[in-house]
Protein chains: 2
Amino acid sequence: MYTLDQARAFVAVAEELHFGRAAQRLAMTQPPLSRQIQKLEKSIGVQLLQRDNRTVEVTVAGQAFLAEARKLVVAADRAPAMARRIAAGRAGVLRIGFTATSGYGMLGRLLVELDKDLPDVDVELAELVTVDQVQALLDGELDLGLARPPFDTAHFGSTLISTEELRLVVPAGHPLAGLGRPVAPGELADVDLVMYSPATSRYFHDLVVRLLPAGHGKVVHTVSQIATMVSLVAAGRGVALVPESTQVLGISGVAYLPLADHGAGRVELHALWNRESRNPALTPARAIVGKLANNKGDTSTTSIHPKITLDRH
Amino acid sequence: MYTLDQARAFVAVAEELHFGRAAQRLAMTQPPLSRQIQKLEKSIGVQLLQRDNRTVEVTVAGQAFLAEARKLVVAADRAPAMARRIAAGRAGVLRIGFTATSGYGMLGRLLVELDKDLPDVDVELAELVTVDQVQALLDGELDLGLARPPFDTAHFGSTLISTEELRLVVPAGHPLAGLGRPVAPGELADVDLVMYSPATSRYFHDLVVRLLPAGHGKVVHTVSQIATMVSLVAAGRGVALVPESTQVLGISGVAYLPLADHGAGRVELHALWNRESRNPALTPARAIVGKLANNKGDTSTTSIHPKITLDRH
DNA sequence: CGTCATTACGGAATGCGTAATGATA
DNA sequence: TATCATTACGCATTCCGTAATGACG
C-alpha cells in the first residue's frame, strides 16, 4: 500500500513536471523522490508519469490519480486541524439547558458571548425545568445547565450566575401600588395569590412558601409559566411574586413593587455541569459563564434578545 | 505527519474499542498498534482515545477525527482502483469522430458494443469530415476516427471496418428503374447528376469521377450531405451515386439500383487512430472495432439507431 | 490470577543523502 | 558538455514481533 508522502510526492512532481524542482519543494533530494514515485507506481500497478530522462509528463491514469491524490492530501491536512479545534473546545457542539425564567435575563447574553468567543461551537438549546436538566446532565445529554437550586454538588460543578430579588407584581391601580414604599410580606395576609406549581416550579414555590408567614395569601391559581402568572395578575385575578427580570417581558397593566424583606426573597440562577463531562467545549464555555457572573449587577436591566435557534429534543 | 496506516489503525481501534481485536483485524500484534496510536495522537497533538488498561473509549475530538479518517482511507483505497481501471482502458474518455455517412451504418453498432464492453468509458462524439478528423487526431483532440481514405498510414493505424457498394438512386418511376437489371456506368451518359462537393466530400467526389466514363453525366447540383442529395433525387432533379447504407435513411420517392460494375464502385470505411495516442481506452476500443469489422456482411442491413449524445466541439 | 494496554529490546526493513551512472540534446 | 532521471551504497531511523511490566477486576 502506498503512503501519504508518496501521494504528496506525486502531486509535487505532477505539478512541477520536474523531479528536481519537485524535490526542492518537498525539501528532499531527487533520488529518494524518484524512488518514492517508483514505489507508488509499483504499489498501484499503473504508470502515472511518462518520463524519458529529459521530460516528464502525466499519463491519463496519472491525471485521474492526481485529482484523487490532491483531495487526499488536503483531507489529510484538514482532519488533525479539526480534531485540534474540537479538543481545544473551539469547535464542536455545546448543549445548553435553560429554564423559562433564565431565558429572560441571562441566556441571551451567554449566547452572544459564546458566538463571539467560540464561533465554531454549535450551540443546541433545550428549555427544561431544573429537575429535567439535572437528569439530562447526568445522562450526558446536556453539557451545561442554567438552573436553580437544589442540585447535587457531588456530581455537578456550578457557578452562581446571578441573584435577583423577588418583586410583587400587582394589577395597575391596586391599593398596594399606591404605598410608595417596599411592601412587607406581612401586608399580604388577605390578598389573592397566583402561585407556582409545586411540581414543575418547585424552587419558586418553596421560596414563596418560605417568604410568606403561614396562612398568608389565598391561592387563586397555580401555574408554571411566569408569563401566564403575570397575565393573570394583569387580568385582576390576584398578585404574585416574580423575579425582577420578569419586567423585561413588558406585560402592561401591572406594577412591580419591591419587597421590604431583602435577602430572604433572593432568586439564584446557577450554571451547572456534570463533573464527568468529556466535552472540551465545556471548559471555555465555563470561562465565559464566569466572566458573565462577575458583573451581575446589570442582570435585570439587560434588554438583549438575540436571534436564537431553539433545538428541542 | 501521520500516515495512512495510522489512520487505518485508529479506525480499527475506534470501531472495535479493543486493541487486541483491532490488531487482529489489522493482521498485527498489539504492541505496534498501541505505539502507532500513540504516535498518531502525538503528531496531531490531541488525545483521540481515552483508555485505562481496561476500557477504550473515543474522545469527542476522536469522534471528529474518526469521521475524517474513515473518509481518508476509503478515498485512499478508491484512488488506485480508479487509476488502474483507466490504465486498463476500462474507464475514462474516448473521443470518436465520424463522418455523416458512417453514422448511418457503423457508428450505432460501435456505440452499442462500447457501452456493453466498456460501460465506464465515456464516449464523446464529433461529426467531422475526414480531413478534419485527421487533423483532430494529429492534434490529440480525437482518439478514434471513422473516416474514408486517403490518410497517412505512417502516423495512423487503421482497420478496414466495412466496404459497401455504390447504388444508383433515381426518382421513383425513372426509366432506369424499370430495367430490372444492374445499371452500367455507360448508361449514365446523358442523365442529370447530383454530385458530391469536391471540397468537403473529396472521397465520394473522386470515386464517382473515376467511375463514370469521361464526359458522362451532367452535374445539376453539388452538395455535401448525402441526405440532401437523395432529397434532390426524390424531387426529380436528377440521379446520384450513394453508398448502399443510405437506404436506411428511408427517404421515399426514390429507387436504389445496383451497378453492373462491381468493385470499382466500392466505398471503404476505416477506423483510424494516431499511433502516438496515449489514451488507454483506445486499445480495447480497437479490439471492439476489429470484432465489428469481421462480420461486415450485414453492414447495410442494420437498423440499429441507439440514443446517442452528440458532443460537438 | 486473568485480561488488556503499555514498555523494553533485538532484528529486519525502509528511507534518506551523497556519489556514481546513463541517457539525451 | 550540461542537464536530468536513475541506480549504487552507507548510515540513520522506523517498525515489527517477542518478552516483560503494570494496572485493574
Side-chain angles (χ1 to χ4, degrees), chain A residues 1-59 61-62 65-66 69 72-73 76 80 276 278, chain B residues 1-59 61-62 65-66 69 72-73 76 80 276 278:
Chain A
M1 184 56 67
Y2 66 100
T3 69
L4 275 175
D5 283 340
Q6 286 166 0
R8 274 183 243 274
F10 173 68
V11 171
V13 176
E15 286 178 356
E16 301 285 351
L17 293 178
H18 190 290
F19 277 71
R21 286 193 295 273
Q24 190 174 350
R25 192 169 117 183
L26 295 165
M28 65 194 302
T29 56
Q30 293 93 330
L33 174 58
S34 193
R35 287 193 296 262
Q36 290 297 350
I37 298 294
Q38 289 169 12
K39 295 194 75 165
L40 174 62
E41 288 180 325
K42 185 178 176 185
S43 83
I44 74 178
V46 163
Q47 189 174 13
L48 300 174
L49 296 170
Q50 183 78 24
R51 46 208 193 276
D52 63 343
N53 286 349
R54 206 69 197 167
T55 60
V56 176
E57 56 188 45
V58 184
T59 66
F65 188 79
L66 175 59
L72 208 58
V73 296
E276 304 288 312
R278 298 247 177 280
Chain B
M1 183 57 65
Y2 67 99
T3 69
L4 274 175
D5 283 339
Q6 286 167 0
R8 273 183 244 275
F10 174 68
V11 171
V13 176
E15 285 179 358
E16 300 285 350
L17 293 178
H18 189 288
F19 277 73
R21 285 192 296 274
Q24 189 174 350
R25 192 169 119 185
L26 295 165
M28 65 195 304
T29 56
Q30 294 92 329
L33 174 58
S34 193
R35 287 193 295 262
Q36 292 295 351
I37 298 294
Q38 288 168 13
K39 294 195 76 166
L40 175 61
E41 288 180 325
K42 185 179 175 184
S43 82
I44 72 177
V46 164
Q47 189 174 12
L48 300 173
L49 296 171
Q50 183 78 25
R51 44 208 192 277
D52 64 343
N53 287 348
R54 205 70 196 167
T55 59
V56 176
E57 56 189 44
V58 184
T59 66
F65 188 79
L66 175 59
L72 208 60
V73 296
E276 304 289 311
R278 298 248 177 278

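Order of the sequence lines fixes the chain letters, A, B, ..., with proteins taken first and strands second; residue numbering starts at 1 for each chain. Heavy-atom basis, side chains included; hydrogens, waters and symmetry copies ignored.
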To the nearest 0.5 Å, what is the distance between [atom1] on [X] and [atom2] on [Y]?
X	Y	atom1	atom2	answer
B:Met1	A:Leu4	CE	CG	8.0 Å
B:Asp52	B:Glu57	CG	CD	7.5 Å
B:Thr3	B:Gln36	OG1	CD	6.0 Å

[X] has an atom [atom1]; how far is it from atom [atom2] of [N], in whole Å?
X	N	atom1	atom2	value
B:Leu33	C:dT7	CG	P	13 Å
B:Leu26	D:dC15	CG	C1'	14 Å
B:Gln30	D:dC15	CD	C1'	16 Å
A:Gln50	D:dA5	CD	P	14 Å
B:Met28	C:dA5	CE	P	14 Å

With the threshold set at under 4.0 Å for non-hydrogen atoms, list the residues of residues 4-25 of chain B touching DNA chain C in residue-number order.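 Close to the strand are B:His18, B:Phe19, B:Gly20.
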
Heavy atoms within less than 4.0 Å of DNA chain C: which residues of residues 34-49 of chain B have one? Give them sorted by number. B:Ser34, B:Arg35, B:Gln38

Contacts satisfying side-chain hydrogen bond (donor to acceptor under 3.5 Å, both in side chains) that involve residues 9-22 of chain A (not counting sequence neighbours) are A:Glu15-A:Arg25, A:Glu15-A:Arg70, A:Glu16-A:Arg25

Per-nucleotide protein contact string for nucleotides 19-25 of chain C, where B marks a base within reach and S marks sugar-phosphate only (heavy atoms under 4.0 Å, - for neither): B---SB-

Got a sec, which residues hit salt bridge (charged side-chain N to carboxylate O under 4.0 Å, His left out) with A:Arg54, two or more places apart in sequence or on another chain?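 If we apply the salt bridge (charged side-chain N to carboxylate O under 4.0 Å, His left out) test to A:Arg54, skipping adjacent residues, there are no hits.
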
Take B:Val11 and B:Arg8 through the test side chain to side chain contact (heavy atoms under 4.5 Å, CB included) and record every step on the way to the result. CA-CA 5 Å; B:Val11 171; B:Arg8 273 183 244 275; 5.8 Å; no

Please output the side-chain donor-acceptor pairs of residues 42-51 of chain B that fall under 3.5 Å, not counting sequence neighbours, one pair per line with the distance.
{"residue": "B:Ser43", "atom": "OG", "partner": "B:Leu40", "partner atom": "O", "Å": "3.1"}
{"residue": "B:Gln47", "atom": "NE2", "partner": "B:Leu49", "partner atom": "O", "Å": "3.2"}
{"residue": "B:Arg51", "atom": "NH1", "partner": "B:Glu41", "partner atom": "OE1", "Å": "3.4"}
{"residue": "B:Arg51", "atom": "NH1", "partner": "B:Glu41", "partner atom": "OE2", "Å": "3.2"}
{"residue": "B:Arg51", "atom": "NH1", "partner": "B:Leu49", "partner atom": "O", "Å": "2.9"}
{"residue": "B:Arg51", "atom": "NH2", "partner": "B:Glu41", "partner atom": "OE1", "Å": "3.0"}

Is the side chain of B:Tyr2 donor-acceptor paired with the backbone N or O of A:Ala76 at a distance under 3.5 Å, no angle test?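 A pair under 3.5 Å: yes.
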
Taking only residues two or more places apart in sequence, or in another chain, which ones meet A:Phe19 in a ring pair (Phe, Tyr, Trp, His ring centres under 6.0 Å)?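 Scan of A:Phe19 (ring pair (Phe, Tyr, Trp, His ring centres under 6.0 Å), adjacent residues dropped) gives none.
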
For residues 26-35 of chain A, which side-chain N or O atoms pair as donor and acceptor with protein atoms under 3.5 Å away, sequence neighbours left out?
none

Could you go step by step and tell me if A:Thr55 and A:Leu17 meet the side chain to side chain contact (heavy atoms under 4.5 Å, CB included) rule? CA-CA 8 Å; A:Thr55 60; A:Leu17 293 178; over 6 Å; no

